[in-house]
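First comes the structure, then the notes that go with it.
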Amino acid sequence: MATKFLALACLRNNEGSGYLSPRPHYPSMPKYPKGVTEEEGSSNISSKALFSVVGMTCSACAASVEKAVKRLPGIRQAVVDVLNNRAQVLFYPSFVNEETIREVIEDAGFQATFIRDDNETSVQICRIRIQGMTCTSCSSTVESALQSIQGVVKAQVALATEEAEVHYTPNVVTYNQILEAVEDTGFQATLISTGEDMSRIDLQVEGIRTGRSMRLIENSLQALPGVQGVETHPEFNKVSLSYKPDLTGPRNFINVIEETGSRRFKAKIFPEEGGRRNSHRREEIRQYYRSFLWSLVFTIPVFLTSMVLMYIPGIKHGVDAKVVNMLTVGEIIRWVLATPVQFIIGKRFYSGAYKALRLGSPNMDVLIALGTNAAYFYSVYSVLRAATSQGFKGTDFFETSAMLISFILLGKYLEVLAKGKTSNAIAKLMNLTPDTAILLTLDSEGNVVGEEEIDSRLIQKNDVIKVIPGAKVAADGFVIWGQSHVNESMITGEARPVAKRKGETVIGGTVNENGVLHVKATWVGSESALSQIVRLVESAQMAKAPVQKFADRISKYFVPLVILISFSTWLAWFLAGRFHAYPKSWIPSSMDSFQLALQFGISVMVIACPCALGLATPTAVMVGTGVGASQGILIKGGQALENAHKVNCVVFDKTGTLTIGKPVVVNTKLLTNMVLREFYELVAAAEVNSEHPLAKAIVEYAKKLRDDENPIWPEARDFVSIAGHGVKAMVRNKEILVGNKSLMEDHNVALPIDAEEMLAEAEAMAQTGIIVSINREVVGVLAVSDPLKPAAQEVISILKSMKIRSIMVTGDNWGTANSIAREVGIETVIAEAKPDQKAEKVKDLQASGYRVAMVGDGINDSPALVAADVGMAIGAGTDIAIEAADIVLMKSNLEDVITAIDLSRKTFSRIRLNYIWALGYNLLGIPIAAGALFPSTRFRLPPWIAGAAMAASSVSVVCCSLMLKYYRRPKKLDNLEIRGISIE
């Protein structure tokens, strides 16, 4: 995140030629290769790439890098910044690429890293569904394959969701090549979405009889403004479109299609649009269920003939009847029934094992295939020998291989069923949008002239929607008529219905309680708040927690180690039997020493379970982030969860975090003869361009003096916002300064004694004093008060009881800061801090051994949010603060800081429990399966029971994670009074 901000800062300052530090310019080689004309070269669209260059110490180093890059063909411009260790290159992708540029920089003697291509569409994200992964070894193999592709910036593969998220450069690699790379690893890959799909829709067209008709429709749609791409699928009568929602929308597409065919064609949204996400999971569950049932059809008779019928006198005679030599009827029945289980129903394990071994990354399928094959082929040997020998009487293990496969299929079925429930939070969020909406038609004066019910997916930007009492709001927008109360608990977790009237915003998926509202849609489809929350939760569930690396490391060696232990077990028992190291009485009557050793070896192989280790972290993270989202706490991934559970120090911003964030002007003192309205006109003109809450309070107060809802303020020229100090502007040819004492000192403005006294008086009352200077002369002092948030004092007290230190860092003056701190119970205060000083304080605390969480809401908090171990943004804060944060508190309630920390602690205690179970199971199960208890107790674990135990271990880990669904926030918060009501 820090790199991202640094890169953004570098690029913002490069508007023109003054972006980088001064440097000499050197003549470059020709821009285009030999034989390519200037016209041909310039017709190519150039790309911009940013590199981190480590090792430069002076301008001579920068010059050598610049010179080396400029010698490459296809380089339009190269600029090197020695101060920030950055190189920015404009180049033509058809002649040169980022990797070549990076290699040239490294050849010049410096370490270079490609940060990003600065085109708008330079890095896209595609999501891929991957079928066939069974354990961490599989997901690690796919992830390594993806990361090795040139043009892939970042790749994450999640075993629990069976999905991959790939960040790639489209001018270097296409998503089809990415899909091929996944399939080359032996797994089935299906594209879920790409970066181009931000606004995308699939339409089904009826009435098409020829390819010419489809081409006609395609051309008609392509001609529409705002349409970015059209793909036709004649076999399904399907048209896929990507488009800009600001310019067009799905209703336009349907009208164009129907008009193109003179109403012969009928178009509607493709039926699979809604259920596509869960259809894969449902199909996988059905496949495992069918496989398990078919395996039972064959396995139950095998079990009965080998374990039950042999004890029934009449039937036993028939089963033991000889057919050829020593070959019995029972053995033939078991062979015939076990074969389809082994090779048809169990085909998936052979396929998975082959793919894993081909890639040199053995997984659970290898263990199952080896274990069942050992049992099956030894049984085949035993049967064939019995058929060809008159004295051989062996025992077959057909029931072992058949029952092993059946129990493993049952375990996989239960595991997939449980894994599906871990993503219930996303499914619930996606189902919040209503199926239909009432679209209003307005005349030129804004009067309603008609209404019709439409599919909610057909809503376009600027449509006016009618929302009746009890109905869900179909799209994000603002109220243009009516008033009501809206229940937003399903989105923000806010328990109390929120009053809505003209001009106020509403969120799609929320429920209208009473009055009728007319809402103008502003954000639709994938741009809506609900879609963004879903994407954030999906990304969070994809991101690996650092603790997952522990399982990844183990998985590399787990399967080979188990195979070695299994072989060693068989060999040890076989040699012990051959050399009579144990009494013959230990050998069951139906076996010999070789068969006993084989059973021990097979049991070891099938009881070991790498799956449980691989699922321990991701399933808990999935459920934890989902539970957080349902409570209005958006956690951006496993790393944020892991860091949050270690937090022992919370740094709070003051304005908008500890306080409500909507300050009001409570007092004004003028130090010169001036009309109050004129004074506020000048101040508001300067402050209206600022995003700071105090600036907004001053502008609102000025509006009241003007008695005008939308006043026109005088023009402010040369506006400068000085973070942590105030603003400066030229209004009516007067230099206006509005801010704190530091701002006045920096501009050599002397403070009169009256102003000093007013500031001291305001600070004593926990008010913020703001000084106004016109042409370097102080003309007035404003006192602004920002009331504390309800329960702020209790939240600080609860954090103390959790052994978490609380600190307040603010840009406000010391007097106000100390007054607020005393009121809430915070002992450590840092006041008059600039944004970079807030970040420095966070780093100082980290250097002292603290795990720091920063809670803030403004742009000036962003550096500190990035610097902290966990950045928490108050949901009502600015977009930049929310972007910089690791956790977003959507309700803007302080008690959610406690809930977020507590949820992370509960999630990680669950992860620890999962690891204890998964590791403990293997550490205990493998020795027992190897016969560690057999000498003293004669207890041995038959292979089919070992297989059942292995299947149960994965299911138990997923079920353990699912228990997080019943998470309840700390009881200490239940009695807090928030806005006059009790949160239940």
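The first residue in the sequence is number 1, and the count goes up from there. Note that the coordinates shown come from a computational prediction; the quantities given were computed from them, not determined experimentally.
- Looking at T659, its side chain does come within 3.5 Å of a backbone N or O of K654 through a donor-acceptor pair.
- Between V897 and M872, the closest side-chain pair of non-hydrogen atoms falls below 4.5 Å.
- In terms of modelled atom types and a separation under 3.5 Å, the side chain of S144 and the main chain of S140 share a donor-acceptor contact.
- Across all their heavy atoms, L146 and V166 have their closest contact at CD1-CG2, 3.9 Å.
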Item to check | Intermediate values then yes/no, side chain to side chain contact (heavy atoms under 4.5 Å, CB included), V795 and N893 | outcome: CA-CA 10 Å; V795 166; N893 288 341; over 6 Å; no

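- For the atom pair SG (C649) and CD1 (I807), the distance works out to 4.0 Å, reported to the nearest 0.5 Å.
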Checklist entry - Would E163 and E165 satisfy side chain to side chain contact (heavy atoms under 4.5 Å, CB included), going step by step from the backbone distance to the final call? => result CA-CA 7 Å; E163 289 181 9; E165 184 176 272; over 6 Å; no

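- Closest non-hydrogen pair, Q147 versus A155, comes out as NE2-O, 3.3 Å.
- Closest heavy-atom contact between L865 and G856: CD2-N, 4.1 Å.
- Atom CD1 in I898 sits 13.5 Å away from atom CG in L903 (nearest 0.5 Å).
- Remark: M890 CE to D896 CG distance equals 10.5 Å, nearest 0.5 Å.
- Interatomic distance, K696 NZ to E687 CD, rounded to the nearest 0.5 Å: 12.0 Å.
- Between the side chain of N740 and the backbone N or O of L743 there is at least one donor-acceptor pair closer than 3.5 Å.
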Checklist entry - Could you go step by step and tell me if K841 and V651 meet the side chain to side chain contact (heavy atoms under 4.5 Å, CB included) rule? => result CA-CA 9 Å; K841 180 59 186 174; V651 177; 5.8 Å; no

Item to check | From CA spacing to verdict: side chain to side chain contact (heavy atoms under 4.5 Å, CB included), V53, Q111 | outcome: CA-CA 6 Å; V53 184; Q111 187 182 339; over 6 Å; no

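- With contacts defined as side-chain heavy-atom distances shorter than 4.5 Å, the pair I722/V727 does not qualify.
- Across every non-hydrogen atom of V829 and A817, the tightest pair is CG1-CB, 3.7 Å.
- Under the 3.5 Å distance criterion, with hydrogens and angles disregarded, a donor-acceptor pair is assigned to the side chains of T617 and Y915.
- For residues 623-656, the ring-ring contact (aromatic ring centres under 6.0 Å, His included) pairs, not counting sequence neighbours, are H645-F908.
- Here the closest non-hydrogen pair linking V852 and A868 is O-CB, 3.7 Å.
- The structure places CD1 of I901 at 8.0 Å from CD1 of I887, a figure rounded to the nearest 0.5 Å.
- Taking 4.5 Å as the limit, some side-chain heavy atom of K636 sits within range of a side-chain heavy atom of V888.
- With S630 contributing its side chain and V627 its backbone, the two residues share a donor-acceptor pair below 3.5 Å.
- With hydrogens and angles disregarded, no donor-acceptor distance shorter than 3.5 Å links the side chain of D476 to the backbone of I507.
- Side-chain contact, N914 with S961: a donor N or O sits under 3.5 Å from an acceptor N or O.
- H725 has its side chain out of reach of K741: every pair of non-hydrogen atoms, C-beta onward, lies at least 4.5 Å apart.
- Look at E642 and K646 and you find a salt bridge, because one of the NZ, NE, NH1 or NH2 atoms lies within 4.0 Å of a carboxylate O, short of that distance.
- Using a 4.5 Å cut-off on side-chain heavy atoms (C-beta onward), Q124 and Y168 make contact.
- The shortest side-chain heavy-atom distance between L788 and V824 falls under the 4.5 Å cut-off.
- Across all non-hydrogen atoms, the minimal contact from A644 to V870 is N-CG2, 3.5 Å.
- With rounding to the nearest 0.5 angstrom, the CG atom of D886 is 10.5 Å from the CD1 atom of I635.
- At distances below 3.5 Å, at least one donor-acceptor pair connects side-chain atoms of E143 with backbone N or O atoms of V157.
- Looking at heavy atoms from C-beta onward, P863 lies out of side-chain contact with K838 at the 4.5 angstrom threshold.
- The shortest side-chain heavy-atom distance between L658 and I826 falls under the 4.5 Å cut-off.
- When only modelled atom types and interatomic distance are considered, D902 and Y967 share a side-chain donor-acceptor pair under 3.5 Å.
- Residue-environment remark: CD (E827) stays at or below the threshold of 12 foreign heavy atoms within 6.0 Å.
- Although no hydrogens or angles enter the test, the distance criterion places no donor-acceptor pair under 3.5 Å between the side chain of N648 and the main chain of I804.
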